[in-house]
Amino acid sequence: GYADTTIADIVREAAVSRRTFYEHFETKADCLIALYEAASAGALKVLQGSLDPVQDWRVQVERALAAYYAHLAAHPALVRTLFVAIGG
């Protein structure tokens, strides 16, 4: 989990140096926030892509929810990390 993850774990998984990590982030928390922002942007892109203004609003809501849930289901480790680490 997030609490047990070290900077060494992150740089190993990302295949970057510790120096590169610190060029982009001051702390592990800053890295997590950047991950959250990127994941949120990706989810919003999925939602926007699912909308079709020509369709009835009910159809749009159904499609948006289906697309959003499919996006979450495709990334379970990411969702678990973000909900547990940030959501608390």
Side-chain angles (χ1 to χ4, degrees):
Y2 172 76
D4 295 329
T5 301
T6 65
I7 301 298
D9 295 329
I10 295 168
V11 299
R12 184 177 54 255
E13 283 296 315
V16 299
S17 68
R18 191 176 276 271
R19 179 183 208 173
T20 299
F21 177 88
Y22 284 110
E23 286 175 359
H24 295 277
F25 311 106
E26 288 187 33
T27 66
K28 181 174 79 167
D30 291 337
C31 182
L32 180 66
I33 291 167
L35 174 62
Y36 181 81
E37 290 172 347
S40 295
L44 285 174
K45 213 174 207 179
V46 166
L47 285 171
Q48 290 170 336
S50 70
L51 298 177
D52 180 1
V54 175
Q55 298 293 323
D56 178 70
W57 70 268
R58 291 172 198 88
V59 172
Q60 290 189 67
V61 168
E62 281 183 27
R63 287 185 180 172
L65 287 173
Y68 179 70
Y69 290 138
H71 180 72
L72 294 180
H75 306 91
L78 174 64
V79 171
R80 184 174 45 255
T81 297
L82 294 177
F83 276 92
V84 171
I86 291 179

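Residue numbers start at 1 and run along the sequence shown.
Listed for the Lys28 side chain is no donor-acceptor partner under 3.5 Å among the backbone atoms of Ile10.
Legend: residues meeting salt bridge (Lys or Arg N to Asp or Glu O under 4.0 Å) with Asp9, ordered by chain and number and at least two apart, are Arg12. Taking Tyr36 as the reference, nothing meets the ring-ring contact (aromatic ring centres under 6.0 Å, His included) condition, with sequence neighbours excluded. Residues satisfying the side chain to side chain contact (heavy atoms under 4.5 Å, CB included) test with Arg19, not counting sequence neighbours, are Ser17, Glu23.
Under the 4.5 Å side-chain criterion, counting only non-hydrogen atoms from C-beta, Phe25 is not in contact with Ile33. Within the 4.5 Å cutoff, the side chain of Thr20 has no heavy atoms near those of the Val11 side chain.
Here the closest non-hydrogen pair linking Ala64 and Leu47 is O-CD2, 3.4 Å.
Taking CG of Leu78 as the start and CG of Leu35 as the end, the distance is 5.5 Å to the nearest 0.5 Å. Note that the CG atom of Leu51 and the CZ atom of Arg63 stand 10.0 Å from one another [nearest 0.5 Å].
More than 12 heavy-atom neighbours from other residues, nucleotides or ligands sit within 6.0 angstrom of OH on Tyr2.
Under the 4.5 Å side-chain heavy-atom criterion for Ile, Leu, Val, Met, Phe, Trp and Tyr, Leu65 and Phe83 are members of the same hydrophobic cluster. Under the 4.5 Å side-chain contact rule for hydrophobic residues, Leu72 and Val61 share a cluster.
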